[in-house]
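Here the structure is laid out as structure tokens; the discussion comes afterwards.
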Amino acid sequence: MRFDVITLFPELFAPFQSVGVTRRAFENKSVDVRLWPLRDFAEDTYRRVDDRAYGGGPGMVMLVEPLTKALGAIQADQALQGLPAPLPVILFSPAGKPLTQARVQSLAQSPGAVLLCGRYEGIDQRFIDAHVDEEISLGDYVLSGGELPALTLIDAVARLQPGVLNDAASHQQDSFSDGLLDCPHYSRPEVLTVDGVEMAVPPLLMSGHHAHIAKWRREQQLTITARRRPELIEIARQSGALSKEDERFLKTLLL
Ligand code: 21W
């Protein structure tokens with residue numbers, strides 16, 4: 001799959017491609033990230049990419065013309081590379097729909113997208129109306145632009161490519177794969193001493209009873225989710241992810 005990234009700050013994407021879990025996805029070319037520096041498409045003498053908003057007010061607006069030129073170059077390149085259709089255009093914007101793991105999974109199985117990183121107050125609405133297929137937000141807090149959201153999306157999608165994650169089974173156990181938060185994890189030492197207090201690993205995990213361990217982990221997941229993110233319990237219930245046994249356990253919980 002490929003991501004074509006339109007950005008005023010291409011240098012923010014450089015270190016991402018050389019480190020971490022996603023590196024394998026880039027090395028084996030299962031995720032091809034192409035950067036399109038927006039300033040390269042600003043033809044006027046000042047290489048302007050923004051201007052003041054009609055109607056007044058503080059903050060600058062990203063100009064249509066450089067964006068149209070960049071998108072045209074991307075779509076010409078996509079056709080040249082033999083893509084049967086132009087990839088959908090995703091705008092990162094605080095006014096978008098929040099990103100979910102379900103959306104990440106569907107993108108991971110797609111041929112890719114154009115990722116448009118906004119800066120300043122926003123983008124001329126006419127470019128959005130004419131060319132943007134989807135607007136995505138990371139959540140209800142204010143960032144300085146769409147670059148970190150684009151990196152976040154690429155990271156989330158890249159780790160789902162076959163052969164990228166160390167252990168395919170960890171996909172299944174991920175927080176959110178069945179809509180519940182993860183259970184706690186423990187490793188050596190068996191007893192940890194902190195400020196003179198001994199902290200043991202839950203003994204059941206040392207028992208070797210795999211069925212008991214699986215039950216304990218499931219109950220931990222249900223407990224932690226019900227306490228921290230009760231709305232996720234209702235969503236899991238509606239998607240059929242909760243068994244009768246899960247429901248029985250949830251009734252015993254004093255939140
Ligand atoms: C921040 C653009 C503030 C515009 C109501 C009135 C992309 C982002 C961004 C940015 C404003 C994402 C407003 C979560 C984010 C992004 C830059 C001004 C705000 N709302 N996900 N005024 N948060 N942010 N408008 O900030 O480009 S995805």
Side-chain angles (χ1 to χ4, degrees), residues 1-17 20 22 25 31 33-42 47-71 74 86-108 110 112-160 174-176 179 181 228-229 231-232 235:
M1 71 186 314
R2 75 183 255 179
F3 287 115
D4 292 286
V5 182
I6 303 177
T7 175
L8 281 166
F9 298 99
E11 63 277 13
L12 289 177
F13 293 80
F16 183 84
Q17 293 184 62
T22 49
V31 178
V33 177
R34 301 181 189 214
L35 301 175
W36 301 85
L38 186 60
R39 208 163 294 277
D40 292 355
F41 298 90
R47 304 232 290 165
R48 285 204 79 135
V49 293
D50 64 320
D51 207 338
R52 292 176 306 192
Y54 283 125
M60 303 294 270
V61 175
M62 287 173 81
L63 291 167
V64 170
E65 191 185 57
L67 289 167
T68 305
K69 286 189 171 131
L71 185 59
I74 289 167
L87 296 174
V89 179
I90 295 174
L91 170 64
F92 292 98
S93 150
K97 287 213 291 187
L99 183 62
T100 63
Q101 186 65 12
R103 189 69 192 100
V104 167
Q105 278 165 357
S106 71
L107 275 166
S110 83
V114 176
L115 306 182
L116 172 51
C117 306
R119 281 271 156 176
Y120 314 118
E121 273 305 292
I123 290 181
D124 189 308
Q125 187 61 35
R126 293 167 296 181
F127 182 86
I128 301 175
D129 294 342
H131 299 294
V132 170
D133 297 294
E134 179 177 6
E135 292 185 60
I136 292 179
S137 161
L138 279 204
D140 297 335
Y141 38 84
V142 182
L143 302 171
S144 52
E147 281 78 10
L148 289 174
L151 285 163
T152 300
L153 179 86
I154 294 168
D155 182 273
V157 165
R159 64 181 287 287
L160 293 183
D174 272 349
S175 277
F176 303 118
L181 304 181
R228 297 185 189 174
R229 301 287 305 278
E231 78 281 12
L232 294 182
I235 293 167

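In what follows, residues are counted from 1 in the order of the sequence shown. The shown structure was predicted, so the numbers you read here are calculated from the model rather than taken from an experiment. Counting starts at 1 for both ligands and their atoms, in listed order.
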Is any side-chain heavy atom of L8 closer than 4.5 Å to one of Y120? yes
So which pairs with a foot in residues 138-150 pass salt bridge (charged side-chain N to carboxylate O under 4.0 Å, His left out), sequence neighbours left out? R119-E147
Min side-chain heavy-atom separation V5-R34 under 4.5 Å: no
Go through the steps to decide whether R103 and S106 satisfy the test side chain to side chain donor-acceptor pair (under 3.5 Å), and finish with yes or no. CA-CA 5 Å; R103 189 69 192 100; S106 71; 2.5 Å; yes
When you look at CZ of R48, are more than 12 heavy atoms from neighbouring residues, nucleotides or ligands closer to it than 6.0 Å? yes
Are any protein N/O atoms closer than 3.5 Å to the N/O atoms of ligand 1? If there are, list each pair with names and the distance to one decimal place.
unit_1   : atom_1 : unit_2 : atom_2 : d
ligand 1 : 21 (N) : S137   : OG     : 3.4
ligand 1 : 21 (N) : L138   : N      : 2.9
ligand 1 : 23 (N) : Y141   : O      : 2.7
ligand 1 : 26 (O) : L143   : N      : 2.8

Residue pair I90 / V114, side-chain heavy-atom distance below 4.5 Å: no
